[in-house]
Amino acid sequence: MKFLLLISIMIFIFFPVAALVVETASFTDFLIGTADNCSYDNWISHVSEGIAQANYNLYAPYDRQMTGFGDFIVAGTDQLQSWEDIVTQFLAGEYVMAELLLNSSGFPYEIVEFHDLDTNRTYYLLREQLNYSYYDNNGTPVYPEDDEQGSFDYGWGLYVYNPEASNPVIITDVHPNDDYISPIIALECFRQWDAMFLQIAGAGREVKWTEQGSYTNTKSLSDPSRNTNHAYTRAYQLFCNKIREIFGRREFSVQIHSYDWNRHLGYANCQISAGYEKRCPNLPIRDLSDLKLDVINASSHIIHSANTIGVHPPVFLNDFYAVNYQVYEFYFADGDTTYAVNNQVDLEGYSQNRQMLYTCSGWNNYDVFEPFFHLEMDELPGCYEQTEGNLNWFYGYDPETGYFNMNNLFS
């Protein structure tokens, strides 16, 4: 204790106290749009980019990926310990001490008290500051609207803490570049479920890898779902511990993914699992009781009527959802019709997913509730003809100007 006190005094002496950054804005605008009251905005546009193998992963049609836009730091042992100390103080509400530790560590991060105009909630953020020397014109030099100025040196991600949350929920987005619709879906989940934590990775998975042989996703070092020694993964564990401490129960951890539009053809738009080889999913995915209070039975036989969004046939439940299950039957029933739920899934999650392993450690696979929820979404729903033209239309391409409407990407 005396040693920690001495360290604290030394920090106060040698590192000036930085005032907590306070911002009031729409968090949606900060994440994907324009927020003039923030030190920077459109956070997702600044995520570090990199290509290890051309066309191995497909990216947003409106955001050209390039090597050299931003970077990623593989944290060493001392850095991870410093980061854990910072996150611990952050979670304790000791924001000044956390800021001092950030200053002494040299990490280009800041703590933000963020007043969200969308929800009237106050969030606390661990946010990386931009290095404005990075620049990407997205391959459209005569169209400055899609230019990206500034990226990250560390790429450890964005961390959002909702201390007044009513639910023990943590939302993770580990591939914001590759799974480019995932950040806005993750934010929607975070808000609707009044979750305690939201984490979004700050670098694409090809930014840093082992560089041994040919690239595969399993060789990524910047992917926090695959790298134990990642600041994101360490923060996740501390966030889960905080939920367990406050709520006295295991966290409900939701990980949001999307998959390349012209791959995995023939599968449902949303593939749901409780994690790798979890063949007996329970609530909220499946309710084995007669109540049927699960995600699927909360839906309807027709998810979208024909031509709800553009031109397409009706979207039926089994075209929209598929669930990874083999143990016990699973039926949808609405009083008029009953049928087995689609179980054709080819993206059940990575076997060594670091967030899944931590959350599911010691859990009984046949419990009433599942602590981990893995969602994969098709980047161009299967009800549309799978063409590049339809993909571009879906994300706001304006044929008259020949460019994407940057304010309409996720409409």
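These numbers come from a predicted model, not from an experiment. Along the sequence shown, residues are numbered consecutively beginning with 1. Computed from heavy atoms alone, side chains included, the values below leave out hydrogens, waters and symmetry copies.
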How close do [X] and [Y] get, counting heavy atoms only, and between which atoms?
X: Phe90; Y: Tyr95; value: O-CE2, 3.3 Å
X: Met66; Y: Glu49; value: N-OE1, 3.1 Å
X: Leu380; Y: Gln386; value: O-NE2, 3.4 Å
X: Phe190; Y: Val160; value: CZ-CG1, 3.8 Å
X: Cys360; Y: Phe372; value: SG-CB, 3.7 Å

State whether [X] and [Y] are salt-bridged, where the test is any N-O pair (Lys NZ or Arg NE/NH1/NH2 against Asp/Glu carboxylate O) under 4.0 Å.
X: Asp71; Y: Lys208; value: yes
X: Glu348; Y: Arg279; value: yes
X: Glu164; Y: Arg121; value: yes
X: Glu23; Y: Arg127; value: yes

Quiz item: Does the ring center of Phe394 lie less than 6.0 Å from the ring center of Trp261?
Solution: no
Side chains of [X] and [Y]: do they bring a donor and an acceptor to under 3.5 Å?
X: Asp153; Y: Tyr134; result: yes
X: Thr28; Y: Arg191; result: yes
X: Asp378; Y: His264; result: no
X: His301; Y: Asp334; result: no

Quiz item: For Val345 and Val323, what are the C-alpha separation, side-chain angles and deciding distance, and is it a side chain to side chain contact (heavy atoms under 4.5 Å, CB included)?
Solution: CA-CA 7 Å; Val345 170; Val323 175; 5.7 Å; no
Is [X] atom [atom1] crowded by more than 12 heavy atoms from other residues, nucleotides or ligands, each under 6.0 Å away?
X: Tyr132; atom1: OH; result: yes
X: Asp78; atom1: CG; result: no
X: Asn307; atom1: CG; result: yes
X: Glu388; atom1: CD; result: no
X: Phe369; atom1: CZ; result: no

Ignoring hydrogens and geometry, is there a side-chain-to-backbone donor-acceptor pair from [X] to [Y] under 3.5 Å?
X: Thr88; Y: Glu84; answer: yes
X: His46; Y: Gly150; answer: yes
X: Tyr232; Y: Gln199; answer: yes

Quiz item: Which word best sums up how the rings of Tyr159 and Phe239 line up, parallel for under 30°, tilted for 30 to 60°, or perpendicular for over 60°?
Solution: perpendicular
Quiz item: So do Val96 and Leu20 actually touch side chain to side chain, heavy atoms under 4.5 Å?
Solution: no
